[in-house]
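Okay, structure first, notes after.
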Amino acid sequence: MSSSNQEGAAKTQPRPTIKAVRGTRDLLPDQTPLWNHVESTARAVFARYGFGEIRTPIFEDTSLFSRSVGEETDIVSKEMFTWEDRARAASEKAQSLTLRPESTAGVVRAYIEHKLGETGSLQKLYYIGPQFRRERPQRGRYRQFWQIGAEVIGPQTSGSESPLRDAELLEMLASYLDELGVKGWRLELNSVGNAEDRTRFNVALREALAPVRERMCPDNQRRAETNPLRVLDSKEEQDQDIINALPKIADFLSDASREHFAQVLAALDACGVPYHVNPRLVRGLDYYTRTTFEFTVTTGLGTQNALLGGGRYDGLSEMLGGPKAPGIGFAIGEDRLILTLQAQIEEAERDAKQAGSDIESQVEKARKLDAYIAPLSAGQNAAALKLARDLRKEGLTIEVGDGSFKLRKSFDTADKLARHIMLLGEDEVASHTVTVKTFATGTQERIPREALLKVLRMIPG
RNA sequence: GCGGCUAUAGUUCAGUGGCAGAACGCCGCUCUGUGGCAGCGGAUGUCGUGGGUUCGAACCCCACUAGCCGCCCCA
């Protein structure tokens, strides 16, 4: 192989290619329809429950997250994309900014900033957007990932603290997953009590852990120190006996918290939403109180089996310097939801193939354009584009070829993309007609331009 | 942040020290206004990047980068 390297000087130096940075990725057109479906279904379902969309900034003051999510959490202590925004004037201080690792804090910040509590009414807000965490990428875990979330928040007089709200939110999630066709989801929930309950429990837990800590694995020893609650949901086999003997949060709930939780469960029962109470379900974010929950799924996610998580945050607004505004919310891992659906679609297609039916070709057919316009030579290019313009204005989906293409190539391309091919040669242009061939039937007809739309609508396929 | 596995054509992958390969896809021709089928032909490429060992490296060694799997954590 002799590549002409003699004029090496003329050869452009190979430039290093730039790739999407670690943990981020592109979603190409073969992916985005499913994403849009997941999102538009969310919008439709949430609207039925009276939710409105909120869009908050993608970056915020760093202290918003350290104050809400919690200084000691992994998210804040080592997983945030944070940078110092430079001061624009000598009198100004540099501000620490952070790409949002989650959206609840930003939504509550907006609630406070816009004094939404002053309206007196319950706020039901949902959002769809990217979040950022500097974790090691893995299946279902990316550094830029998408969440679909919702928050119900308001002054106590708006009923924001009612267990009805908890149950409604969970029922909405169940309906959403069902409507998307997610199979085999499992709802686990628990109550972690109010702030006082949690404080008392934490003290008791530390006391109980002190004498047995040495016998646990290093991870749990560290947790016992930094965040004792998290010892409870450790999966470490060796430590299970110790963990099972630890105090249970249920025994530390105040009467009010206990009653609240009971009412949530009663409402779920009434709605027929299946659930599993998991006394060891503890969520990592500092702001959670009382009801906490997650939905898990067994298909497609590997060990990242949590599809969504959420809970109450009755004290969050006050943590951020706002008025008392109890609330509850959730965040769906959209990337994980998509992975789950893709795995389940693949499974269904495999089953369908075995059963002899042909889903795949139906999907393909649904995606095809109405027509492909093939100018037979460059002389018809302008006329082809004009025809496309007219038909697109009528709502048809059209692709236009190029007069330089050989007819064979036009047919090949057209058959891949569209249901009809429209041939536009000198004859057609002169006689104001179009030759239309329908791939499904193989029939071909010369149709006057004026009648084209009418005829096209009558042709099947 | 830690551990394991992986990286070769557009895609899926084979190639374990001696000429860079297959299938699918792509392009061309058979066939210049009628495609799908078939036949023939063609291009696939920094073998992830950089270094080392060797007469010789896609192959062995080291480092880096990225992906996957697991841990941690979380959606």
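In what follows, chains carry the letters A, B, and so on, assigned in the order in which the sequence lines appear, proteins first and then strands, with residues in each chain numbered from 1. This one's a predicted model, so the numbers in the text were calculated from it and none came from an experiment.
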Just checking [X]: base, sugar-phosphate only, or nothing, at a heavy-atom cut-off of under 4.0 Å?
X	answer
Asp427(A)	base
Gly140(A)	base
Thr73(A)	nothing

[N] OP1/OP2 closer than 4.0 Å to side-chain N/O of [X]:
X	N	result
Lys406(A)	C31(B)	no
Lys19(A)	A7(B)	no
Arg134(A)	G1(B)	yes
Arg139(A)	C69(B)	yes
Arg230(A)	C74(B)	yes
Lys409(A)	C27(B)	yes
Arg336(A)	A75(B)	no

G-U wobble or Watson-Crick pairing nucleotide for G28(B) (cut-off 3.5 Å, both distances):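 Result: C40(B).
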
Base-pairing mate for U65(B) - Watson-Crick or G-U, with both contacts under 3.5 Å: A7(B)

Lys NZ or Arg CZ of Arg100(A) over Phe132(A) ring: under 6.0 Å, within 45°: no

If you check every side-chain atom of [X], which of [options] has the closest atom?
X	options	result
Gln138(A)	C69(B), G67(B), G33(B)	C69(B)
Gln147(A)	A75(B), C69(B), G33(B)	A75(B)
Arg133(A)	A66(B), U34(B), A75(B)	A75(B)

Phe330(A) and Phe46(A) aromatic ring geometry - parallel, tilted or perpendicular at 30°/60° bounds: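 Perpendicular.
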
Mutual orientation of the aromatic rings belonging to Phe295(A) and Trp185(A) [parallel < 30°, tilted 30-60°, perpendicular > 60°]: tilted

ring centroid sep under 5.5 Å plus plane angle under 30, Phe145(A) with A75(B): yes

Under 3.5 Å: donor-acceptor pair, side chain of Ser160(A), backbone of Gly327(A): no

Side chain Glu294(A), main chain Ala306(A), donor-acceptor under 3.5 Å: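 Side chain of Glu294(A) to backbone of Ala306(A): no pair is present.
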
Separation of A75(B) P from Glu39(A) CD (nearest whole Å): 19 Å

Interatomic distance at P, G1(B) relative to C27(B), whole Å: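 It comes out at 44 Å once rounded to the nearest Å.
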
